[in-house]
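Following: one structure in structure tokens, then a few remarks.
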Amino acid sequence: MATSKEGPERPTERLDIARGLENVPVSAWPPGAEPEPFQYTPDHVAGPGTDIDPTQITFPGCICLKTCLPGTCSCLRHAENYDDNSCLIDTGSQGKCANPVFECNILCQCSDQCKNRVVQQGLQFQLQVFKTDKKGWGLRTLEFIPKGRFVCEYAGEVLGYSEVQRRIQLQTIQDPNYIITVREHVYSGQVIETFVDPASIGNIGRFLNHSCEPNLLMIPVRIDSMVPKLALFAAKDILPEEELSYDYSGRFLNLMDSKDKERLDQGKTRKPCYCGARSCAAFLPYDSSLYCPLGKSNIS
Ligand SMILES: [Zn+2]
Ligand SMILES: [Zn+2]
Ligand SMILES: [Zn+2]
């Protein structure tokens, strides 16, 4: 090959944002550009203020020797989670709550090929972190992703409520907020809250931008631990080069109750949304319950 005068610093190895820790390397665009450094973790890690270790095994396994089927498999409490093509069956459409998902875990007797093991297989598609016009870095797919397939997790430090408040107090309006609150409404009326911050320790999920018409859907999936993995599935067929996005407010995840809505609607300084969707709400969703220190205390 002829020597080229331009690009003397052309890297010989392609940058992998995931530092070799995922099944598939994650490239960056444009070449040579690199996001601010952060510590990569494919899985949640225990952060300050929480007493549950997300790496601890808390669920017993099933004793299925052949196929795991609802009715006989203790991991499939409601119905099957995935079809034969590893697609999520219940996408909680039309405001109906998606059923909780429990995958087979390390203590299960079933094989690694069990259909109820999807999120635990990790990344399956070639994804790329890229520079967007107005939204900083974003994440896109380089290949077609069929509706229902698992795309990636939103993984990072699992925090207690007081630590979340502490970190939010330290943020300025210019700082992007990465902390996500997932509220699961349990049948008993109880609400399970999980707080995840991938800002300094996290996976590629931290590059996802918000959209008011997202192509991903976030579902809490439990495998070994009571702490759910925040798994993002394709909400529709996604074409190569399409930016991946989800709705930060979690509207897709659960029916929003009136209290959640109030919390999101209470103005304060809101950040503009640049998602470009027809139904765009013009501002990024905002969970004011996290911003008022007197609201609640000692939740976790
Ligand atoms: Zn089973
Ligand atoms: Zn199984
Ligand atoms: Zn099982």
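These figures come from a predicted structure and were not determined experimentally. Whatever order the structure lists them in is the order used to number ligands and atoms, beginning at 1.
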* Look at C73 and state whether any of its N, O or S atoms is less than 2.8 Å from the Zn ion (ligand 2). => no
* Asked: Is C114 close enough that one of its N/O/S atoms sits under 2.8 Å from the Zn ion (ligand 2)?
  -> yes
* Asked: So, is the end of the R206 side chain (NZ or CZ) under 6.0 Å from the ring centre of Y154 and within 45° of the ring's axis?
  -> no
* Are side-chain N/O atoms of Q171 and N177 paired as donor and acceptor at under 3.5 Å? -> yes
* To do: State whether C104 contributes an N/O/S atom found under 2.8 Å from the Zn ion (ligand 1).
  => no
* **C108 near the Zn ion (ligand 2) via N/O/S, less than 2.8 Å** => no
* **Contact flag C75/the Zn ion (ligand 1), N/O/S atoms, threshold under 2.8 Å** => no
* To do: Taking atom types as modelled, find out whether Q128 and S27 have a side-chain donor-acceptor pair closer than 3.5 angstrom.
  => yes
* To do: Would you kindly check if the NZ (Lys) or CZ (Arg) of R19 is within the cone defined by 45 degrees around the ring axis of Y40 and under 6.0 Å from the six-membered ring centre?
  => no
* **Backbone or side-chain N/O/S of C62 under 2.8 Å of the Zn ion (ligand 1)** => yes
* Between CD1 on residue I179 and CD on residue Q165, distance to nearest 0.5 Å -> 10.5 Å
